[in-house]
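Below is one structure, written out as structure tokens; comments come after it.
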Amino acid sequence: MRCTHLETVLRYLSAFIMPGLLVLLFTRVTYNRVIGLVLTVALIATSVYKGYTNTFALIVVDAFSLTAGFWMAAKMIRRQLKKS
């Protein structure tokens, strides 16, 4: 099955945004950024296993988004600690 151009753009856009947001969400829920990262990596590994993430470039974009989300989670935690 071949993807259209729009589907490809949506896949890359989702890979660019969603993993970082998931790291932030899981960090907020668990109060631990490492656990948030591990949970998000587990979800991405599942999507790779199921075949939704099927190109190396898509995996690289996911990894970049994970890194950005992990960095933003560290900033979020520092900001929360300063408020307390």
Side-chain angles (χ1 to χ4, degrees):
M1 188 161 110
R2 190 161 167 97
C3 293
T4 64
H5 182 64
L6 180 61
E7 288 173 348
T8 304
V9 169
L10 286 176
R11 282 185 188 213
Y12 280 94
L13 189 61
S14 295
F16 188 69
I17 296 171
M18 293 305 291
L21 289 178
L22 284 173
V23 171
L24 288 175
L25 173 73
F26 289 144
T27 299
R28 187 80 168 153
V29 170
T30 63
Y31 298 105
N32 189 332
R33 68 184 178 133
V34 174
I35 292 175
L37 181 69
V38 169
L39 289 172
T40 307
V41 168
L43 284 174
I44 290 174
T46 304
S47 76
V48 170
Y49 178 73
K50 289 286 194 174
Y52 299 120
T53 305
N54 52 5
T55 63
F56 182 72
L58 208 51
I59 294 170
V60 169
V61 173
D62 277 336
F64 174 76
S65 181
L66 282 171
T67 305
F70 192 69
W71 176 74
M72 289 180 358
K75 285 182 67 170
M76 179 181 70
I77 288 174
R78 274 188 245 126
R79 194 173 335 127
Q80 289 293 329
L81 289 175
K82 283 183 181 181
K83 283 184 180 180
S84 299

*side chain to side chain contact (heavy atoms under 4.5 Å, CB included) evaluation trace for Leu58 with Tyr12*: CA-CA 6 Å; Leu58 208 51; Tyr12 280 94; 3.6 Å; yes
If I compare all heavy atoms of [X] with all of [Y], which pair ends up nearest, and what's the gap?
X     : Y     : result
Ser65 : Gly20 : OG-N, 2.8 Å
Val23 : Phe70 : CG1-N, 3.8 Å
Leu24 : Gly69 : CD2-O, 3.9 Å
Gly36 : Thr30 : N-OG1, 4.2 Å

For the [atom1] atom of [X] and the [atom2] atom of [Y], what is their distance to the nearest 0.5 Å?
X     : Y     : atom1 : atom2 : answer
Tyr31 : Ile77 : OH    : CD1   : 11.0 Å
Leu25 : Leu39 : CG    : CG    : 10.0 Å
Met72 : Thr67 : CE    : OG1   : 12.0 Å
Leu22 : Thr27 : CG    : OG1   : 10.0 Å
Met18 : Leu66 : CE    : CG    : 12.0 Å

*Heavy-atom donor-acceptor pair, Ser14 side chain to Leu10 backbone, under 3.5 Å*: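 Yes; judged by distance alone, with no hydrogens or angles, the pair exists.
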*Is the backbone of Tyr52 close enough, under 3.5 Å, to the side chain of Arg11 for a donor and an acceptor to pair up by distance?*
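Judged by distance alone, yes, a pair lies under 3.5 Å.
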*Take Arg33 and Arg28, measure what side chain to side chain contact (heavy atoms under 4.5 Å, CB included) needs, and give me the verdict at the end.*
CA-CA 8 Å; Arg33 68 184 178 133; Arg28 187 80 168 153; over 6 Å; no
*Consider only side-chain heavy atoms of I, L, V, M, F, W and Y, link residues closer than 4.5 Å, and tell whether Val61 and Ile44 are in one cluster.*
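No, it is not one cluster - the side chains of Val61 and Ile44 are not joined through contacts under 4.5 Å.
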*Are Val41 and Phe64 in one and the same hydrophobic cluster, where Ile, Leu, Val, Met, Phe, Trp and Tyr link if side-chain heavy atoms are under 4.5 Å apart?*
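Not linked; separate clusters.
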*Quick one: do Thr8 and Thr4 satisfy side chain to side chain contact (heavy atoms under 4.5 Å, CB included)? Show the steps, please.*
CA-CA 6 Å; Thr8 304; Thr4 64; over 6 Å; no
